[in-house]
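For reference, the structure discussed in these notes is given below.
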Amino acid sequence: MSEPNKTIASPHAHRGQTVTHDSSPAPAAPAKRRTFLGYLALMGPAFVVGAWQFGPGNLTTAVQAGSRYDYTLVWVIAVSTILMIFFTDMSVRLGIATPTSLVTSIKDHLGKWVGVLAGFGVFGITLMFSVGNAVGSGLGLSLVFGGSPVLWTVVCTAAVAFVLAFRNVYGIVEKALLVIVALMAVAFVASAVVAQPDWYRSMEGMVPQLPAGSEILIVALVGTNFSINAAFYTSYGIKENRRTRADYRDITLVDTIPGIVAPGIMTALVIMVAAAVLGKTGAEAGTINALASVFAPLAGPVGSMLFALGLSGAAFSSMIANATAGGTMFSDALGRGAKAGSPTARIFTGVILAFGLLITLAFQSSPVGLIVIAQSLTVLIAPMLGVLIVIMANKASLMGSLRNRWWHNLFGAIGLIAIIASSLRLITTLLG
């Protein structure tokens, strides 16, 4: 016989109110019969995360990995994608189960200062990402249309600021990023068809190995592909869309898995194309022009245009998602609202965009190096966010039937080890 319901006072309830806690397991919600359009309507939050994850830093480090180390670092993308799925899934369940936003829930259960620190940490990461987004967007469009990369950076920043001025900010961002991710997928698949990489050797690259001198690049690849800060934000998208426990299974199948796998496949394809083209000559993609020439030996101007369009799409989509997420979570940390359209969120979204633009204007001499360094530094804050996600997803009183199972914790532990090891490696490299 199950234990009867207990009615106890909640520390967060108003005076005179009580909160009922059911100690028995929550019954499984009845499955919904959805139409095809119904399934499509569930797509969104994880694709926003994927668009944020697959930015110009991701693309740049992938090209460098393929041009310098051939197919040997493909395994980093495979492992990062699997770990990213598990952490995104934890955030999805937190978004469904928690009565408030994730940062606010952390404040309530782990202490106010912990939630504030998490919000500040994510904001710091988004500032770093904003640099790569600003650099990449301007350079990509300058390769497509000509003109000054700096001018195009200003144009892209203004365009994103315009999008974020609408009332339903998150809804517009989500729909726009779904379209951009689909177009990028077509562009990079077409690039792989043109380049004709060695598929057998790319499969050999799934076996983990550490080529000499690849450590900092591996850290950058982990920082861009296993993006815990992006996974952290998924719960906000779930809240914006008001998803319920009955939606969880379908969300996993049509949003979480494809939304995270898509950028992983695109990144692996970029490594393969770079290995197929630049790897043959031993060249390295040390400049943006070298990046654009990845496809030129096989496809001429068409190949360069494919890369430039992909770079522009990656930068623009990541710029939108990054600024929105950073502004929203920082506003939440300050207790000023957990919605993308709140006044405080809009202000700090603008701060993120302005920071990326100003740093790009100040450091124009080595944009590729700037992107790699900026993306690598994000790994330093990620361990804290990863630990918080795992702790919160294991709270039975909060999560109920959506609490982590042993396999969630197993992959969570592997992910934390990977991200902490990457952070330590980055610290020793920088000190050295």
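FYI, the numbering just counts along the sequence from 1.
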Legend entry - Trace of the side-chain contact (heavy atoms from CB on, under 4.5 Å) decision for Tyr233 with Thr328: CA-CA 9 Å; Tyr233 183 63; Thr328 301; 4.1 Å; yes

At what distance, to the nearest 0.5 angstrom, does [atom1] of [X] lie from [atom2] of [Y]?
X      : Y      : atom1 : atom2 : answer
Ile85  : Met90  : CD1   : CE    : 12.0 Å
Met384 : Leu117 : CE    : CG    : 4.5 Å
Leu398 : Met392 : CG    : CE    : 5.0 Å
Asp332 : Leu102 : CG    : CG    : 8.0 Å
Met329 : Thr324 : CE    : OG1   : 10.0 Å
Thr267 : Phe54  : OG1   : CZ    : 4.5 Å

Whether the side chain of [X] engages the backbone of [Y] through a donor-acceptor N/O pair (distance < 3.5 Å, no angle test) should be reported.
X      : Y      : answer
Asp255 : Ala46  : yes
Ser91  : Ala231 : yes
Arg403 : Lys395 : no
Thr104 : Ser101 : no
Thr234 : Val92  : no
Tyr71  : Asp198 : yes
Asn322 : Ser318 : no
Ser202 : Trp199 : yes
Arg93  : Leu402 : yes
Tyr69  : Gly213 : yes

Heavy-atom side-chain contact between [X] and [Y] under 4.5 Å:
X      : Y      : value
Met319 : Thr157 : yes
Asp247 : Asn241 : no
Thr126 : Trp52  : yes
Leu141 : Cys156 : yes
Ser227 : Val49  : no
Leu210 : Glu215 : no
Leu385 : Val122 : yes
Gln53  : Ile260 : yes

Legend entry - Enclosure of Trp407 CH2 (heavy-atom neighbours >12, cutoff 6.0 Å):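 Yes, enclosed.
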
Inset, instruction - Count the heavy atoms belonging to other residues, nucleotides or ligands that lie under 6.0 Å from CZ of Arg242, then report whether that count exceeds 12. - result: no

Taking all non-hydrogen atoms of both residues, which atom of [X] and which atom of [Y] are closest, and how far apart?
X      : Y      : value
Lys239 : Ile96  : NZ-O, 4.5 Å
Ala340 : Arg346 : O-CG, 4.1 Å
Ala220 : Thr61  : CB-CG2, 3.6 Å
Leu94  : Ile389 : CD1-O, 4.0 Å
Thr344 : Ser331 : CB-OG, 3.5 Å
Thr360 : Ala134 : OG1-CB, 3.2 Å

Legend entry - Aromatic plane relationship, Phe330 with Phe120 - under 30° parallel, 30 to 60° tilted, over 60° perpendicular: perpendicular

Inset, instruction - Check the angle between the aromatic planes of Phe348 and Phe123 and answer parallel, tilted or perpendicular using the 30° and 60° thresholds. - result: perpendicular

Legend entry - Steps toward side-chain contact (heavy atoms from CB on, under 4.5 Å) verdict (Val207, Trp75): CA-CA 6 Å; Val207 179; Trp75 67 271; over 6 Å; no

Inset, instruction - Indicate whether any N or O donor in one side chain lies under 3.5 Å from an N or O acceptor in the other, for Ser105 and Asp108. - result: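 Checked: Ser105/Asp108 side chains show no N/O donor-acceptor pair below 3.5 Å.
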
Inset, instruction - Verify whether one side chain among Asp89 and Thr256 offers a donor that lies under 3.5 Å from an acceptor in the other. - result: no

Legend entry - Verdict with supporting geometry, Leu221 and Phe226, side-chain contact (heavy atoms from CB on, under 4.5 Å): CA-CA 8 Å; Leu221 285 170; Phe226 181 29; over 6 Å; no

Inset, instruction - Please lay out, stage by stage, how Asn225 and Met84 fare under the test side-chain contact (heavy atoms from CB on, under 4.5 Å). - result: CA-CA 8 Å; Asn225 290 277; Met84 186 68 182; over 6 Å; no

